Structures are given as structure tokens and as C-alpha cells.
Amino acid sequence: MRQGILVPYGFVMAPIGAGLVVLLSFFAYFGGAPDRLLSFATSLVLGVGMIEVINSYLVIRNARAASVQRTRTIMHVGFVLFIAQFAFLAVPDTASRVFSAETPFPQAFEWVGFGALLLSSCSLGGASWMVWDRWSQIGVDELEIPNWTRGSWHHWAFLSGIVAGTVGIFLDPFSPAVTLVLFSAGVVLLLAGIFPSKVKETQLAHGSETPPKVELRKVTYEEKLGVGKRACALILQKYGNRRVFAVCMWGDEIENSQPYFGVNLLTVVRDGFQIPSEKYLFDGIEVKITYWQEIGILHRARTFDEEWPWHSGLYRTRIVLHEKKGWFRKLDTAVRESDSADPANAIRESAMLLLGHLATLRDYQLLSDLVGEKAECWRIAWGAIELIFLLNHRYVRHDYWNEVFECPIQTSDLHRQLEILLELTDTPIDVMVEVADKLCEELFDVVRARGKSLVSSELRV
């Protein structure tokens, strides 16, 4: 989502700029300030404010949430008033120069235009304040923003109106006739773009045909690669090469592909371009397409936390299907940064998660909840595997079950302990709980021996 870095300044500049227009114009009328200085000062302040207004409008432009619609209506009214002030301030003077005729009541037009500018700036500034304060950090799901679609004609009409009006302002001193035409066309285009468009909801067709059966099938690696290439071509066709930086198959075994293993695609897209992930069964193959913004995937790849052992291998094992300007070099650099990161916080966080599972296990013991006890023993086993990988600064490459026992730092009887907790052997529940306690105690001793304390002698906040 967009970050409101300029929020404390941008949303107040629009009404301040409008106020300066009215006040300084009053002083200028009595000979208090030169016209050029007045025009430059007010245009600068108002222009910065309008940039922030447009940015905030883009946050909620496609939102369907009911709480947002009223604010968007206020912004529509503000845009209409903003257009109206040009009709009262610029158009009469330009028209009088084109037709060589005096404009009746010019001062009245001037003050009505200033009033419209003040009202529009206050409404747009106030609405922008609400957007940045309430909705700028909310996800697209809460705002009910539909999936990305190509811009409607309303969108392009709005942009074309802004361009026409801007060009007209610059041409006004040289060719008032052309300016008048551009102003007229710009007003029509802006009004057409501001009017909300009806979003067509796609209806699911309820046919009489029976939906296909959910059934997996054995697939060769060549078939998976063919599906990945076809999906990559469709992604580039739908979203464009400008928005898609890279596409790859990741997490798949390159040399020894499993017959029922699906096709996992990573698609790296431009920042601010949000697309939900896709998961479905295609021709007996499980297909998962993950769309990740560039800033997000690079941050995740360079982060060393408790999930690093499970995720780091994904970024290193890939089959490139599309790459723009050698993008994967950025990913490799981010992964190398994670390799050299300090593991202290990740180890401590993983150990605290293990401690939480141990506390929950003891609560289930008090309740004599057999299902809960077994579930927590299972979680403690997986938490122990994760913590051992972190202590050894290793990530899962191919086979976590064999790789965890190859780690030099582990408990004295790790293999037997994990088999018992994961119920690979027939073991009574009291023995499972005892093994869980012993495993956690040994791992906490290892963590403490490495200088990472889980205990505080005083209450901290």
C-alpha cells in the first residue's frame, strides 16, 4: 500500500493554498503584492496539495466498501468544484480575448471562481486526510477492491482531461483560441471520468454439465515444464512485460521430480501492483501461482527469522521462465545477505515458540485432553526441527528428515525423540509427554549455552 509520508503536509496544503489564493488576491487587488509572485506562491502550494489529493484518490478509486463510498463522493464533488473554478477564472478571460468582447461582471466571475476553489480544496483536503488516516494501510480485501483489470474509459478520460487542461494553461498567453478549445474538451473529459462507472459483476454460469472430478495424476517433469511455460506466456499476455519483472518455477526438484508434485510459479511484479495468488487443479496437476511485489520478495529473501530454514531453499532452487534485465541477480544478492545475517533473534523467537507449545501441552495434561496432547507433541517435534536448523545455520535443501540428523548441533537422542513425538512408533501418551519435556529442556540448554537467554529477571515492557 502507499505510504503516507507526505500526509502531515500534503492534505493541508490544498486548503491552505486555496486560502492564500483568496487572501493574497484581496491584497493584490489593493496593490499589496505583484501578480507574478502571487501566482507562483499559490500555484506551488496548491499544486503540491493536489498531487497528494490525487494520490489519496487512487487509494480508494476502485474500492467497493460502503464506508469508503461517501468519502469518494465528497472527492468527486471537490473535483467538480475544482473544474468549476477554471470555468469562472480562466475561461471568461480567454473567451473575451478570442472574441474581442468584454466579459460582463468580470469581478463577480473572479470571486465566484475563488470561492469554488476554496470549497473544492477544503473538501478534497479533508477527504484526503480521511483516506490517509483510515484506509491507506488497509488491504485490498477489506476495501473490496477487485482484481486488476485494464483501465476503463472513465480512467483514461479523467487523465486526458487533466492533460488537456494543463496544456491549455501553458498555451493561454500564446494562443487563447486553442486554449479555449482545450479547456472545453478538458472539462467534458474530466466530468466523464469523475462520474462513477458501474462495475460489471461477473456471474458464474450454472450449466447442466457435471464439474470435472478432483483427481491427481502422475506427471513427468517435461509436462510440468510445459505447463509452466504456457502459464508464463499467459501471465505476460495479461499483465504486460512492463509490470512483470520475473517468472520462475520454484521449489520443484530439478533432477528428481516427484510424479505428483505440482507446478509452483513465482511471479515478481512491480511495486504497488497487487494480484492475489492462484491455486487450482489443471489436467490433474496442482498449479500454484504466487504473485509477489518486488520490494516484498526481496525483503523476505534477505530476512533471517524463524521461517528461514523452510523458505531460503525456495529462493535458490528455480527454473527461470522470464527475466527482465537480469532481475534474479537481485534475488541472489538478497539471499546472500540472509546467509550472513545474525541468527540470534531468530533462534530466540523459535525457542520461545517451542516454549509456548510446551506450556499448551501442560494445559492439555491438566484437562486430560488426549487429542490436544498429541497435537502439541507433534508441534513440538516440528518446532525442534526448525530450531536445530537455525542453531546450525542451515536451511532445508531436499530432504529435511535426513538433513536435520546431519546437523552437528542437536540433542543426544534426536532421532528416537522425533519418531516418538511424530507417532512413528506406538508409544503411550505419558511417554510422549515425557519425551517432549526432555527434548525441550535439552534444546533450551543449547540455546542458553550459546548466550541467548529466554528468561528475564525483571518485568519489561
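Since we're looking at a predicted model, the values are computed, not measured.
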Hey, are the side chains of Val447 and Ile347 touching, using non-hydrogen atoms and a 4.5 Å cut-off? yes
Could you check if a side-chain atom of Thr411 sits within less than 4.5 angstrom of a side-chain atom of Lys438, using non-hydrogen atoms only? no
Heavy-atom nearest pair, Ser312 first then Ser338, reads OG-OG, 4.4 Å
Should we count NE2 of His415 as having more than 12 external heavy atoms under 6.0 Å? yes
Crowded around Leu454 CG? As in, over 12 foreign heavy atoms under 6.0 Å? yes
Arg336 and Thr333: side chain donor to acceptor below 3.5 Å: yes
Within a strict 4.5 Å, meaning less than it, do heavy atoms of the Val404 and Leu414 side chains meet? yes
Min side-chain heavy-atom separation Leu265-Lys288 under 4.5 Å: no
Might you point out which heavy atoms bring Ala334 and Leu298 nearest each other, and give the distance in Å? CB-O, 3.7 Å
For Glu373, does its backbone N or O pair with a side-chain atom of Glu376 as donor and acceptor, under 3.5 Å? no
Scan side-chain atoms only and decide if Trp378 and Glu423 contain a donor-acceptor pair under the 3.5 Å cut-off. no
Could you check if a side-chain atom of Ile289 sits within less than 4.5 angstrom of a side-chain atom of Ser277, using non-hydrogen atoms only? no
With under 30° as parallel and over 60° as perpendicular, where do the rings of Trp308 and Tyr395 fit, or are they tilted in between? perpendicular
With a 4.0 Å cut-off on N to O distance, would you call Arg318 and Asp332 a salt bridge? yes
Where the side chain of Ser56 meets the backbone of Val53, is there a donor-acceptor pair that is under 3.5 Å apart? yes
For the backbone of Asp369 and the side chain of Lys374, can you confirm whether one donor and one acceptor N or O come within less than 3.5 Å of each other? no
Mind checking whether Ile385 and Trp310 have side chains closer than 4.5 Å, heavy atoms only? yes
May I ask you to decide if Glu458's main-chain N or O and Ser456's side chain share a donor-acceptor pair within less than 3.5 Å? yes
Look at atom CG of Asn345 and say whether more than 12 heavy atoms of other residues, nucleotides or ligands are closer to it than 6.0 Å. no
When you measure from the side chain of Arg217 to the backbone N and O of Asp283, does any donor-acceptor pair fall under 3.5 Å? yes
Counting only heavy atoms not in Glu434 (residues, nucleotides, ligands), do more than 12 fall under 6.0 Å from its CD? no
Do Phe304 and His393 have ring centroids that are under 6.0 Å from one another? yes
Within 6.0 Å of CZ in Arg316, more than 12 heavy atoms from elsewhere: yes
Determine the minimum heavy-atom distance between Gly262 and Ile285, stating which atoms define it. CA-CG2, 4.4 Å
Treating Asn392 as the side-chain partner and Arg394 as the backbone partner, does any N or O pair qualify as donor plus acceptor under 3.5 Å? no
Please give me the minimum heavy-atom distance between Ile297 and Glu294, naming the atom from each residue. CG2-O, 3.2 Å
So, do Leu418 and Trp382 sit near enough that their side-chain heavy atoms are less than 4.5 Å apart? no
Verify whether the ring centers belonging to Trp292 and Phe245 lie closer than 6.0 Å. no
Heavy atoms of Tyr400 and Phe389 approach each other most closely as O-CZ, 3.9 Å
Would you check if the distance from the ring center of Tyr291 to the ring center of Tyr239 is below 6.0 Å? yes
Does any N or O in the side chain of Glu306 come within less than 3.5 Å of the main-chain N or O of Glu386, such that one atom is a donor and the other an acceptor? no
Indicate yes or no for a side-chain donor-acceptor contact from Ser350 to the backbone of Ala346 under 3.5 Å, with no hydrogens or angles considered. no
Just by modelled atom types, is the Tyr280 backbone N or O under 3.5 Å from a matching donor or acceptor in the Glu286 side chain? no
Charged N to carboxylate O under 4.0 angstrom, Arg448 versus Asp445? yes
Which atom of Ile388 lies closest to which atom of Ile409, heavy atoms considered: CG2-O, 3.4 Å
Arg243 vs Asp271, salt bridge (charged side-chain N to carboxylate O under 4.0 Å, His left out): CA-CA, chis, key distance, verdict: CA-CA 9 Å; Arg243 299 180 179 89; Asp271 294 340; over 6 Å; no
Which label fits Tyr315 and Trp250: parallel for a plane angle under 30°, tilted from 30 to 60°, or perpendicular past 60°? tilted
Do Leu314 and Leu266 have side-chain heavy atoms sitting under 4.5 Å apart? no
Is the backbone N or O of Glu337 less than 3.5 Å from a side-chain atom of Ser340, with the two atoms forming a donor-acceptor pair by type? yes
